[in-house]
Amino acid sequence: MATLTLLQAVNDALKTAMRDDPSVVVFGEDVGPKGGVFLATEGLTKEFGANRCFDTPLSEDGIIGTGIGMALNGLKPVCEIQFQDFIFPAFDQIVSEAAKFRYRSGGQYTCPMVIRTPYGGGIRGGLYHSQSGEAYFCHTPGLKVVIPSTPHDAKGLLLASIDDPDPVLFLEPKALYRQVKGEVPEGKYKVDLSTLRTVREGRNVTVFCYGAMVPVCERAAVQAAEKGIETLIVDLRTLLPLDEEGVIEAAKQTGRVVVVHEAPRFCGFGGEISAIIAENAIEYMEAPIARVTGFDTPFPNTLEHHYMPDERRVLDAIEHVHNY
Amino acid sequence: MATLTLLQAVNDALKTAMRDDPSVVVFGEDVGPKGGVFLATEGLTKEFGANRCFDTPLSEDGIIGTGIGMALNGLKPVCEIQFQDFIFPAFDQIVSEAAKFRYRSGGQYTCPMVIRTPYGGGIRGGLYHSQSGEAYFCHTPGLKVVIPSTPHDAKGLLLASIDDPDPVLFLEPKALYRQVKGEVPEGKYKVDLSTLRTVREGRNVTVFCYGAMVPVCERAAVQAAEKGIETLIVDLRTLLPLDEEGVIEAAKQTGRVVVVHEAPRFCGFGGEISAIIAENAIEYMEAPIARVTGFDTPFPNTLEHHYMPDERRVLDAIEHVHNY
Amino acid sequence: MAATQLLTVIEPDGGVNGHDVGMTNDELLHCYRTLLRTRAFDDTCMKLQRSGRIGFSIPNKGVEATQVGAASALQKTDWLFPSYRDFGMALYHGVPMADMLHNMFGNALDSAKGRQMPVHFSFVEPIKFVSISSPIGTHLPQAVGAAYAMKLRGEKTVAVTSFGDGGTSSLGFHSGLNFAAVWKSPVVFLCQNNQWAISCPSSGQTASESYAIKAKAYGMPGVLVDGNDVLAVRKAMLEAVDRARKGLGPTLIEAFTFRMAGHSTSDDPTRYVPKEQFAEWEKKDPVLRFEKFLAKKKLWNEDVRAKYTDEATAEIHLAVQLAEGTPRPGIETIFSDVYRDVPAHIRKQGEAAFDLAARKGDASAGDGKFPL
Amino acid sequence: MAATQLLTVIEPDGGVNGHDVGMTNDELLHCYRTLLRTRAFDDTCMKLQRSGRIGFSIPNKGVEATQVGAASALQKTDWLFPSYRDFGMALYHGVPMADMLHNMFGNALDSAKGRQMPVHFSFVEPIKFVSISSPIGTHLPQAVGAAYAMKLRGEKTVAVTSFGDGGTSSLGFHSGLNFAAVWKSPVVFLCQNNQWAISCPSSGQTASESYAIKAKAYGMPGVLVDGNDVLAVRKAMLEAVDRARKGLGPTLIEAFTFRMAGHSTSDDPTRYVPKEQFAEWEKKDPVLRFEKFLAKKKLWNEDVRAKYTDEATAEIHLAVQLAEGTPRPGIETIFSDVYRDVPAHIRKQGEAAFDLAARKGDASAGDGKFPL
Ligand SMILES: Cc1ncc(C[n+]2csc(CCOP(=O)(O)OP(=O)(O)O)c2C)c(N)n1
Ligand SMILES: Cc1ncc(C[n+]2csc(CCOP(=O)(O)OP(=O)(O)O)c2C)c(N)n1
Ligand SMILES: [Mg+2]
Ligand SMILES: [Mg+2]
C-alpha cells in the first residue's frame, strides 16, 4: 500500500475508475492540461486522452447540464467544480434536474454522475474560496452528499460514488488536500456510502464531525483526554443518506453531544443532527446538544482562523457538555 | 378597515409602497399588463407606469442581478419570481451577491431589495410549482426570510421588508392566496421583522409553524382541544433573523414541542428549531421534539395531499408528544 | 438558408416553388394525420380541463407544423429533449395517445407515476422523448451532453432540443449553445418562436433581429424558417440533422409561428394579445396550409380530412376512457424512485404514512387548482 | 467600427494615421503615468506575494492599455463594475495606492475590512468602483440595474462593466447583455480578451468568430479593438459611452490583448501557454506602444520614463509601508455588516467568541496558502 495525501488519493481514484470503465469522463474548468487548480486531475488527459478528460468553457451550468445529459445517455461523468463557492450557477441543474430526473420520469431516466468540488476554509480564500455549502445540498432529496476526511476514504468513497446509480456531490476538504497522509490500497475498492466511521472510542462525550473538522476534533479529543474526558468521535462521511441509526446509537452511548462543522450554524447540517437526536433519543441526553460551527456571517479572509472552529472551541464545548 | 384576501393584501402593500416612495419599482416575468400569473401585481403598470412596473425577459438571474444593481444605485426593487421553484437560476445572485454585498464592501455598497415569490403546495403543481425552499435561503447570512400567514401580516411584513436596509426574501404561501381573508388597515403600517406571533395560547403542547401550515395547525389544535389538549401555536413569520428568545420561551412553556413545515424534513428549517431548543432548553423537554414535514422526496402531483402535512398528521404528533 | 430571412416551402396556393419535397405519399399523409391527431389531442385536453376532469393543459394550436416537420427529420434512434408544448413530436413517432393521457390524468399507468403536472411527458420508446421539466431551458445543455456521449461512442445519432422564444433568455440556452459549438456536438436547437412567452412579446424578450441570429454568438449556423410550413421546417431540420450526423456540429433553427391560444388553461390571452394578431394568424393556420399543399398534389379533399378526423376522434375517445378509468398511483409511489434503492429515512417516512393512514384514515384531496 | 475587424489607432511607428486624438498633453501624460503606476503596482504586489508578505495577487502585465484607455473615457459620476484585474482603472481615477494596498494586506484600513481576498477592491470615491466579486460574470446584470436607475432618474451617467474572455460564457453575460439591450440601458460591456481564462484558451471558450460578434445575439453594436492601444480603446469607449448617454443603449467592446504572466500568483502559465505566444506579445507591450506614440509627439524620452517611474516607486514604497504597518482588523469586524443592524444570534456568537478568547486565548492563524 502506498502512502498518499488526500489529494493524491483523489487522483488515484479517478485514474482507477477511468482504467476500469471506459465510460468514465472527467471534465470541468482547467482540469485538462493544467491538471486542475489543485492538481487533482493531473495526468488524466495524458493517460486517457482529451476526449475523456477535458476543459470546459467557464460555465458551471454548462458543466453540470452537459454532465446530466451524458449520464442520461450512458456515460459516467465526473464533473469538477473548481471551488464549491462557484457551484451556485449550477444550482438549478443540480437541485431541479439531476436530483429529480429519476423521480419525475418514473425511473425511465437516471443521472448516475459525480460532482467533485473542494470546499472549506483554511487557505485564506475569503468569502468565495472557503465556503462549506453541504447543507444546501443535503436538503435536496435525490442527491447524495459525501465528504471524506482521510486518503483511504477519499479513494474508496469516490470510487463508490462513481459506481453509484444516483447523482453524488463529492465535497473534498481542501484544507486537508496536502495536510493528511495515509495508506491507500492499490486498485479498486469501495467504502460504503451511508455508513459512518468511528474515529475514536470514548464514553463521556460524543462528537459528530466530517471533512476538515475531523482532525480538529481529534486534536481536541487528545486535549480532553488529558483532562480526563473520553471522547467518542464520529466521522459522518456520507451526510445524505445519513446513517441515522448510527448517529442515534453514538449519541446514546454518552448522552452528551457536540456537533461540529465549518459552515454557518443557522439551518446548517448540525441542526439536523441535533434534531434527529432530539427526536429519537432525547431521554438519553444529559446535557444540551452543543454546536460548534462557523459563525452566521460570510467567510472572512484575514481573520479566517477566528471564524473556523478550532481545537479551543471544540474542547470548550466538550467540557461544557461534559460538566453540565 | 377592508377585508382582503392574502393576495389582495400583497397587492395593496405594493400599491401603498409605490405611492409612498417613487424609488420603489416592481418587475419580473408577466407582472406588467397581465398583472402576474396570480394577479398580485394587477393594476400597478396602469397606476405607476411601465417604468415602475414591468415585464422582464425570461431570466431569473437577470431579474435578481439587475435588481441588485438597482438597489446599489438607490432604487428599491421588488422583484417577483413567478414560482419559488424557479428561483434557482438566480441562486448565485442571491446567495453570492445580494447577501454578501454589504459585508464584502465593508458597508460601502448595500442591497436593500425584496424578492417576492409564491411557494408551497396545494395547487396540484407537482415537482416544480409546489416547493418550499426556505431552508436553502435561511442558511445564507445576509439575507432575511419572511413568510406571512394572514392578510394583515402579508401587508405589514411586506411593507417592512420594502423599508428594510437589507435584502429580504418574501415567500408567499400560494395555497392561502385566496383561501384566507382578514381585516387589513388602510395605508402604511409595518409588522416588525423578527418577532414571532402567538396564534393561540395553550399549556400542553407548543406547535411551531409558518405560512400555509398555520391554518392547518390551527385546525389540528381545535381537534386536540376536543381531546383535552391545549396547544400553543407559534407563527414564526420571520425565519431569518429568527426570534430565538421567543422560540425558546414558547418551548419552555409546555415542554412538549411539534415543528411543522411543508418542505422536506432532512436539513429543513424544522431541524434548526429543534436544535435551538435542544441547545437552550433541553432540560425543559418532557418528550421528543417531533417534526411534521413534507417527505424527503420530490413533491408529487396526484398525491400531493398525502405529501403535505395535514390536520391528521399534526394532531397525531401533538397527541404523541402529549402522551409521551 | 439565413438567420434573418424566412425560409418557406409551401406557397399560399399550395405549390412548392420547385422544392424537392422528397417524401412518399404515405409519409406526407403521416404528417397530415399527425397534424390532425395533435390538434384533436390538444382540443380534447382543453375540454377535459374545462370540465374539471384533468387539472391543467397547455394549448398546442398553431404550432403543430413545427413539431411535425421537425419530428419527421428524425430517426427512432435519435434523442428528443422536448418542451411541454411538444405533443406533436411524440405523436409523430408513435407514442400511443393513451400513454400521453395517462400523464394528463396523472394516473397509475402514467410513466411518471402521477408525479408531474400534465404535459410533462417522459417516454423511452418508440423514441427517446426525455422527461420534460418545468424549469425553462435546463434541457438544452443536457441535450448537448447526450450528444457528447453519442459522439464519443462514434454513433451516428443526434440529439434535438426544442424550446420557446422565452427559452432563449434562459441560462441553458447560453451554456447549451456555447458548449455544443465548442464541442461540435451532434445536436440541433429548435427554437419555436410563437411570439409570446406567456404574456411577454418578443420585443420584451430580446432586441436582436431574430432568434436565429443568436447563433452568431456561438459560431454555429442559424436558420429562420416558417414554422407554419411543415415542409420548410422539415427541410431546415434535415439539413441540420445531416450536418450533425456528419460531425459538422450544431445548428440553431428558429421556427417562426404563433400560439393560437392562451399560454395554458390558466391563462387568458385576451388580456395582452392584440385581437388583430389572432385574426391575422387564424388565416395562416398550419393545418390549412398543409391541406392546400396536399390538395395540389391530389392527396386531399374534405373526405380525407373527415376520415382522419374520425380516426383521431375514435382513437382519443378510447384513450380517454382508458386513462380516466385508471386509478391513482398507489401511495408507495411517493417514496420510490428518489434513489434506485430506498434509503432508510425515506422508507421510515413511508411506513409512518401507511401506519397513520391505518390508524387515522387517508389524507383527503384538497380543492387547490392550478392557477397558471 | 466592426465586430470582427480590429480597430487600431497607434501604428507600429507611433503615428495615429490621421485619427483625431483630441486629448491635451496633460491628459496624455496622465495616461502614461497611469500605465507606469499600474505596472509598478502589479510588480510590487507580485514581489510582496513571492516574499510571503501578502497572500495572493493577480498579474496585470500586458493589459494596462485597455484599462487606461477605457477609464479615460469616463466621468467621476459614472459607475464602474470592474473585475479583479482592473487595477489600472482605479489608479487612473485617483484611488490612492495606499487604499489599494490596504486591501492587498487585508488590514484594518482596508475598505472591505480584510474580509475579501487581495485584489477584491471596493471604493465609493473618487469614482464608484463597485466591490469586486470572485464569482465570474455576476456583476454584468448588476451594472445593467444600476444603469436602469440612472435612466429612470434621468441622469446622464453610464455604468461600465469589465470582464474577461472567460466571462463571456457566464450566466451574467447572457442575462446582462440581453436585459441591457431590451431596456436600452446606458451601459458599456468591456470584454478584456486576454486570450486565456486561467488555462483555457479562446478556442476552448467559444467557437464564435470573435467575442465582439456576440453582440449580434442581443441586438447591440459590437466593436473589436486593439487592447494594447490606449487610444483605440479610448476611442471605442468614448463612442459607446456617448451612445449610452444619448439614450441609444448598450455596446459590447472586445479589447484584444494578452496576459503577459500567469493567471495569478498561484498559477504557472508555462504549463499551458506556448512559449512563442509569450515572445510574440512581449514585442507588443502596451507601454512601449504608447511610448512610441508619445515620442512621436515629442512628449517622451527616457528621462520622462525615469521621472514617472521614480515617482511611482516612491509612491508605492510609501504606500506599502503604510499598509504593512497597519494592524489586522479587529475581531468584531467578523460580526458586523452582515446586516445593517446586528441581529441577536450574530451578536451572541460574537460575544461567545470574545468570551472564549478571554478564557482560553486567541485563535492561532493557520499556515494555509492560497493555491490558485
Ligand atoms: C426558469 C423558469 N422561469 C419561469 C417559468 C414560468 N414559465 C413557464 S412557461 C413560461 C414562458 C415560456 O415561454 P416560451 O419559452 O416562449 O415558450 P412557450 O410557452 O411560448 O412555448 C414561463 C415564464 C418557468 N417554467 N421556468
Ligand atoms: C463562477 C466562477 N467559476 C469559476 C471561477 C474560477 N476562476 C477564477 S478566474 C477564472 C478565469 C477567468 O478568465 P477570464 O474571464 O478570461 O478573465 P481573466 O482572468 O483572463 O482576466 C476562473 C475559471 C470563478 N471565479 N467563478
Ligand atoms: Mg413562446
Ligand atoms: Mg481571460
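First the proteins, then the strands, lettered A, B, ... as listed; each starts at 1.
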Note to self: For Trp183(D) versus Asp55(B), what's the shortest heavy-atom pair and its separation?
What the structure shows: NE1-O, 4.5 Å
Next item on the list: With a 4.5 Å cut-off on heavy-atom pairs, point out which of Ile346(D), Val144(D), Leu152(D) contacts chain B the most.
Entry: Leu152(D)
Checklist line | Closest heavy-atom pair and its distance - Trp79(D), Leu72(B) | finding: CH2-O, 3.3 Å
Next item on the list: With rounding to the nearest 0.5 Å, note down the distance linking CD in Gln108(B) to NZ in Lys128(D).
Entry: 9.5 Å
Checklist line | Ring-face cation of Arg115(D) near Tyr103(B) (centre distance under 6.0 Å, axis angle within 45°) | finding: yes
Margin query: I want to check something: taking the side chain as every heavy atom from C-beta on, are Glu97(B) and Gln142(D) in contact at a cut-off of under 4.5 Å?
Written below: yes
Checklist line | Tyr339(D) (side chain) donor-acceptor with Pro167(B) (main chain) under 3.5 angstrom | finding: no
Check: Side chains of Arg102(B) and Val338(D): closer than 4.5 Å at any heavy-atom pair?
Finding: no
Next item on the list: Report yes or no: does Gln93(B) contribute a side-chain atom to a donor-acceptor pair with the main-chain N or O of Thr138(D) at less than 3.5 Å?
Entry: yes
Item checked: Minimum heavy-atom distance Asn178(D)-Pro57(B), with the two atoms named -> ND2-CB, 3.6 Å
Next item on the list: Specify the closest pair of heavy atoms between Ser175(D) and Asp61(B), including all atoms of both residues, with the distance to one decimal.
Entry: OG-OD2, 2.6 Å
Check: Do side-chain atoms of Arg340(D) reach the backbone of Asp166(B) as a donor and acceptor pair under 3.5 angstrom?
Finding: no
Item checked: Student check: side-chain heavy atoms of Leu75(B) and Arg153(D) closer than 4.5 Å -> yes
Notebook entry, point to check: If you take all heavy atoms of Ser131(D) and Arg104(B), which pair is closest and at what distance?
Noted result: OG-NE, 2.7 Å
Item checked: Aromatic centroids of Phe54(B) and Tyr148(D) separated by under 6.0 Å -> yes
Notebook entry, point to check: Do the side chains of Pro135(D) and Asp92(B) get nearer than 4.5 Å, heavy atoms only?
Noted result: yes
Next item on the list: Determine the option with the most heavy-atom pairs under 4.5 angstrom with chain B, choosing from Ala146(D), Ala147(D), Pro343(D).
Entry: Ala146(D)
